[in-house]
There are 2 protein chains.
Amino acid sequence: MAPTRERILITAAELFRRQGYAGTGLKQVTTQAEAPFGSLYHFWPGGKEQLGEEVIRTGGAFFLALYRAIADEAPDLPTAIGDFFTGAGETLVATDYLDACPIATVAGEVASTHEPLRAASAGVFESWLAALSDDLEGAGIPEPRARPIALALVAGLEGAFLLCRTLRSTEPMDAARAAALTVLHAELEPAP
Amino acid sequence: MAPTRERILITAAELFRRQGYAGTGLKQVTTQAEAPFGSLYHFWPGGKEQLGEEVIRTGGAFFLALYRAIADEAPDLPTAIGDFFTGAGETLVATDYLDACPIATVAGEVASTHEPLRAASAGVFESWLAALSDDLEGAGIPEPRARPIALALVAGLEGAFLLCRTLRSTEPMDAARAAALTVLHAELEPAP
DNA sequence: GTCTATAGAGAGATAGAC
DNA sequence: GTCTATCTCTCTATAGAC
């Protein structure tokens, strides 16, 4: 069995992304992690907010690494992005629409209420945008266009996650994937 | 002053979309609405869940009416859609990133936890998709393509809302707007 | 119907034995 | 460091006076 600290962190990440930050109790986290309640405050003296911050950061880093792994295997960037959308849809189905974006639910809740957590979420999104912008430039998209395209792709993915979970269907992910590829194609081979 | 029932409903809608469903207490709702606590259970015997359901439905209908109003004034559909994204960005700035989508925050929280509220959110999204699909068909997009395009546009909008609120910038909305118009353009004048 | 008071459960957080 | 017991606060919900 994984060490206590790790069990708590993994369980918190799972519950936060599924039920939200306010909707998840620390008692529920420690119980499900089979850890004593006091351990949570031993490892995170800052309480729920400090735990939330670490969940956001590690979840964001994990998702970025997942993208990197897919991008490294794909023959080109459009394929990589298409594969990432496809994989996201497959994960949704495999988990019965429980696991989507690791930070989206929390980010939506805290944007106007918990400034430290909003800042942590913003840091995660910026890390994704930086990586994606780099890859877009590497694929031949001129520098000033890279960030807007990256923003549109991430927005499409996040919106698709929300729609898929709510409609309990991967149709939105397929549609967002197709739109993302259309945008990429238009950018890589501009109309005359 | 508006009647008690209406004050509670409006206040609940405001707090739910900003702080989320779990993050908003009914005490806070009635206090801010300057209504007695008991009135809430008088008008919504089903408690928080019944109130949440009505907030989702009325918020969704309001947003649809807003789209309709903008679409009716615009000379064509791409202009209407561009204007809607622009207006969304302006509202974000005007409210200091407090007011974005009326249902997104709640929809994300409840998708895996409160089935009646998930269903209500799904109903709202479907009503938007139906209206938008109709307009897309009216603009000349063939029937089987209308729904995927509508899904991609709504996903782009929702994702942009989340990114704008988290990054405290309208840059994602501008990027999503441009991508939406690219997708529309590609669909209306397909490449050879 | 309007409003107050409170029940009962559960939250986050802490103290202190071991 | 691990774990239990408990404190205080807030939550949803209800009872009942007016």
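All values below were derived from every heavy atom in this structure, side-chain atoms included, with hydrogens, water molecules and symmetry-related copies excluded. A, B, ... follow the sequence lines: proteins, then strands. Residue 1 opens every chain.
- If you check D/dG1, C/dG1, C/dT4 against the side chain of B/His42, the one that comes closest is C/dG1.
- Note: CG (B/Leu15) to P (D/dT12) measures 12 Å, nearest angstrom.
- Across the protein-nucleic acid pair, A/Leu26 atom CG and C/dA11 atom P stand 9 Å apart, rounded to whole Å.
- Atom CZ of B/Phe16 is separated from atom P of D/dT12 by 8 Å (rounded to the nearest Å).
- Distance B/Phe37 CZ to C/dT6 P: 15 Å, rounded to the nearest Å.
- Both A/Phe43 and B/Tyr21 lie close to DNA chain D; mapped to their nearest nucleotides by heavy-atom distance, the more 5′-ward contact belongs to A/Phe43.
- Neither OP1 nor OP2 of C/dT14 sits under 4.0 Å from any side-chain N or O of A/Tyr41.
- For A/Arg5 and D/dG1, the CZ to P distance is 13 Å, given to the nearest whole Å.
- D/dT12 atom C1' lies 11 Å from atom NE2 of B/His114, rounded to whole Å.
- Closest approach of B/Ala111 and B/Arg118 over heavy atoms only: O-CD, 3.5 Å.
- Note on A/Lys27: every side-chain N or O is 4.0 Å or more away from OP1 and OP2 of C/dA11.
- In this structure, the CG atom of A/Leu40 is 12 Å from the P atom of D/dT2, given to the nearest Å.
- Two residues, A/Thr24 and A/Gly38, neighbour DNA chain C, and the one matched to the more 5' nucleotide by heavy-atom proximity is A/Thr24.
- Checked by atom type and distance alone, the side chain of B/Arg7 pairs as donor or acceptor with a backbone atom of B/Ala33 at under 3.5 Å.
- In terms of heavy atoms, A/Phe125 sits closest to A/Glu158 at CE2-OE2, 3.7 Å.
- Distance B/Leu51 CG to D/dA13 P: 10 Å, rounded to the nearest Å.
- Taking the six-membered ring wherever Trp is involved, the centroid distance between the rings of A/Phe161 and A/Phe85 does not fall below 6.0 Å.
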